[in-house]
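Reviewing the structure listed below.
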Number of protein chains: 2
Amino acid sequence: MYFWANKTGFMFSLSEENYLKAIFHLENSYKGGVSTNALAEEMQTKASSVTDMIKRLSDKDLVNYKKYQGVKLSSAGKSAAIEVIRKHRLWEVFLVEKLGFNWDEVHEVAEQLEHIKSEKLTNELDKFLEFPKRDPHGDPIPDAQGNFSVANRALLSDLEEQQTGICVGVKDSSTEFLQYLDKNQISLGKEIRVLEKEEFDQSMLIEMDGNELMISNLISANLFIKTT
Amino acid sequence: MYFWANKTGFMFSLSEENYLKAIFHLENSYKGGVSTNALAEEMQTKASSVTDMIKRLSDKDLVNYKKYQGVKLSSAGKSAAIEVIRKHRLWEVFLVEKLGFNWDEVHEVAEQLEHIKSEKLTNELDKFLEFPKRDPHGDPIPDAQGNFSVANRALLSDLEEQQTGICVGVKDSSTEFLQYLDKNQISLGKEIRVLEKEEFDQSMLIEMDGNELMISNLISANLFIKTT
DNA sequence: TCAATTTTTTAGATGAGACTAAATTTATTT
DNA sequence: AAATAAATTTAGTCTCATCTAAAAAATTGA
């Protein structure tokens with residue numbers, strides 16, 4: 001296994017970084033500690049492998065862990081996770097803005113690039129991209145100090161009839177969802193008005209660019225909106 | 001260990017790619033097959049580890065190997081090595097041209113970036129950089145088909161008195177050597193004239209930018225020159 | 001040539017990170 | 001409060017890539 005020093009002088013493997021990132025993402029949904037099974041699901045691995053890794057992370061004080069009680073990131077673990085997320089999102093901007101990738105093509109490559117260890121590279125890339133605040137999916141990009149804005153945004157599915165808003169992000173960044181959005185010309189920055197909400201299945205009739213479009217709950221529950 | 005498919009559908013680990021690259025570089029000096037010890041020296045590892053890896057590479061038909069007789073790359077191994085070298089040199093250009101790195105700062109980062117698996121990324125990066133022919137150290141960059149020019153270049157140490165030439169590359173890309181060159185304002189493109197050669201220690205008095213400079217054989221034997 | 005030296009390979013061990021199967025703990029029902 | 005189910009951990013095994021120590025092959029040289 002290959003290791004490099006990060007800016008705090010500690011070393012994390014590819015696998016450790018991926019676990020830290022996964023725990024960070026899951027902490028939003030699991031406030032009392034991320035469960036082993038949830039982490040196994042997120043990491044596409046087995047619960048026993050997760051337990052192994054959690055112990056290693058715990059030994060390095062990257063997480064707080066008590067048997068059977070799930071994990072939480074320590075402050076060191078959180079910094080490390082944010083650093084990886086910062087790199088991931090910066091690279092996504094690079095791929096889209098500079099290399100002409102579509103927003104549905106960047107995830108897999110950014111998953112690799114996020115592990116490159118060079119503080120200078122990260123910061124120079126940030127500067128080259130003119131310090132972007134959000135990635136191509138509308139997610140906030142942490143700055144060099146790890147700070148980032150927690151967006152004031154709602155899900156389209158939570159809007160009422162006749163409310164309007166600007167599309168500012170996607171919750172699901174899968175290729176399939178993003179390609180659906182492309183096909184229906186839904187992109188960040190578009191203004192959307194809710195015309196009708198169907199109680200039965202939560203589907204919606206929306207207006208966008210002067211056209212009407214019917215969308216299911218699966219769509220509206222994955223689109224972030226800034227209400228206007 | 002993490003694997004990804006490359007463009008030929010095969011999968012190579014980080015370590016395998018590094019060995020292939022090392023063998024490729026050493027094949028210039030070891031025509032009859034690269035020795036285990038030479039490879040161990042290049043890879044900064046033990047001979048026994050090299051033997052292990054050579055067997056793995058041989059099982060995958062990336063090298064031709066017979067016990068005690070050194071290794072040679074197979075054509076598949078050579079393609080894989082060239083692909084890694086292509087990526088390494090493209091990233092070096094990116095770091096210098098776009099992110100403002102100095103030529104002595106790029107190697108370590110490019111060593112990481114060269115392993116990113118995405119044919120689209122490599123080719124789009126190539127396009128973004130406007131298909132550079134050489135990296136910041138003057139080494140040729142293979143194109144998408146793996147072709148690259150074998151330069152018509154000599155070492156400065158081989159020039160005779162009064163011969164002139166353009167500096168087109170460095171043989172040693174170490175930070176120390178590159179910083180020496182920076183300090184003495186020697187860079188690619190500079191015209192150099194050999195004024196005097198000292199037989200005893202092979203040191204040279206050269207003229208560059210109208211100034212005279214005394215350099216040792218260690219310097220002149222690591223500068224590539226295109227004679228004029 | 002044949003003994004000494006060098007090079008290379010084998011044998012056995014290790015650590016990281018994954019796995020399966022079994023055991024244990026916690027949670028849920030009746 | 002048992003009984004059952006679900007979640008989690010332990011125990012043991014596997015592969016990759018490394019290591020050390022020892023054996024074997026190749027090379028060198030008196």
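What's counted below: heavy atoms across the whole structure, side chains too, no hydrogens, waters or symmetry copies. Chain A is the first sequence line, chain B the second, and so forth, proteins listed ahead of strands; every chain is numbered from 1.
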Output the rounded distance in Å from [atom1] ([X]) to [atom2] ([N]).
| X | N | atom1 | atom2 | answer |
| --- | --- | --- | --- | --- |
| A/Met43 | C/dG17 | CE | C1' | 11 Å |
| B/Lys55 | C/dT10 | NZ | C1' | 7 Å |
| B/Asn18 | D/dC16 | CG | P | 17 Å |
| B/Met11 | D/dA17 | CE | P | 14 Å |
| A/Ile54 | D/dA7 | CD1 | C1' | 12 Å |
| B/Lys66 | C/dT9 | NZ | C1' | 17 Å |
| A/Met53 | D/dT9 | CE | P | 15 Å |
| A/Leu57 | C/dA18 | CG | P | 11 Å |

Check your understanding: Does the gap between the ring centers of B/Phe94 and A/Phe94 come in under 6.0 Å?
Key -> yes
Review point. Hey, would you say the A/His137 and A/His107 ring centroids sit under 6.0 Å apart?
Key: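 No, they do not, as the ring centres are separated by 6.0 Å or more.
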Review point. A/Ser15 side chain N/O closer than 4.0 Å to the phosphate oxygens (OP1, OP2) of C/dA16?
Key: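 A/Ser15 to C/dA16 OP1/OP2: no side-chain N or O under 4.0 Å.
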**Study point:** Under 4.0 angstrom between A/Arg56 side-chain N/O and C/dA16 OP1 or OP2
**Key:**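 Checking A/Arg56 against C/dA16: no side-chain N or O falls below 4.0 Å of OP1 or OP2.
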Practice item. Quick one: do B/Trp103 and B/Asp182 satisfy side-chain hydrogen bond (donor to acceptor under 3.5 Å, both in side chains)? Show the steps, please. Key: CA-CA 9 Å; B/Trp103 69 341; B/Asp182 283 345; 3.0 Å; yes
**Study point:** Geometric class of the B/Phe148/B/Phe24 ring pair [parallel <30°, tilted 30-60°, perpendicular >60°]
**Key:** tilted
Check your understanding: Are B/Glu92 and B/Arg89 close enough for a salt bridge, meaning some N to O gap below 4.0 Å?
Key -> no
Review point. Taking NZ, NE, NH1 and NH2 as the nitrogens, is one of them in A/Arg153 or A/Asp139 under 4.0 Å from a carboxylate oxygen of the other?
Key: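 A salt bridge links A/Arg153 with A/Asp139.
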Practice item. For salt bridge (Lys or Arg N to Asp or Glu O under 4.0 Å), just list the numbers for B/Glu17 and B/Lys117, CA-CA rounded to whole Å, side-chain angles, deciding distance to a tenth of an Å, and then say yes or no. Key: CA-CA 11 Å; B/Glu17 289 192 348; B/Lys117 269 77 171 179; 3.1 Å; yes
Review point. Under 3.5 Å, is there a donor-acceptor pair linking the side chains of A/Ser203 and A/Asp201?
Key: yes
Practice item. Scan residues 24-39 of chain A against DNA chain D and write down, sorted by residue number, each residue with any heavy atom closer than 4.0 Å; if none is found, say none. Key: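 A/Ser35, A/Thr36, A/Asn37, in order of number.
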Point to revise | Pi-cation contact, B/Phe101 with A/Lys120 (under 6.0 Å, within 45°) | key: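 Yes, A/Lys120 lies over the aromatic ring of B/Phe101.
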**Study point:** Given DNA chain C, 5'-ward residue of the pair A/Lys67 and A/Tyr19, judged by closest heavy atom
**Key:** A/Tyr19
Practice item. Starting at the 5' end of nucleotides 19-24 of chain D, put B wherever the base has a protein heavy atom under 4.0 Å, S where only the sugar-phosphate does, and a dash everywhere else. Key: BBB---
Exercise for review: Go through the steps to decide whether A/Leu188 and A/Phe224 satisfy the test side chain to side chain contact (heavy atoms under 4.5 Å, CB included), and finish with yes or no.
Suggested key: CA-CA 9 Å; A/Leu188 303 196; A/Phe224 287 120; over 6 Å; no
Practice item. Report the end-to-end axis angle of the helix from C/dT1-D/dA30 to C/dT30-D/dA1; each axis comes from five terminal pairs, and the value is rounded to 10°. Key: 10°
Exercise for review: Could you check B/Glu16, B/Glu111, B/Glu27 and say which one makes a salt bridge (Lys or Arg N to Asp or Glu O under 4.0 Å) with B/Lys21?
Suggested key: B/Glu111
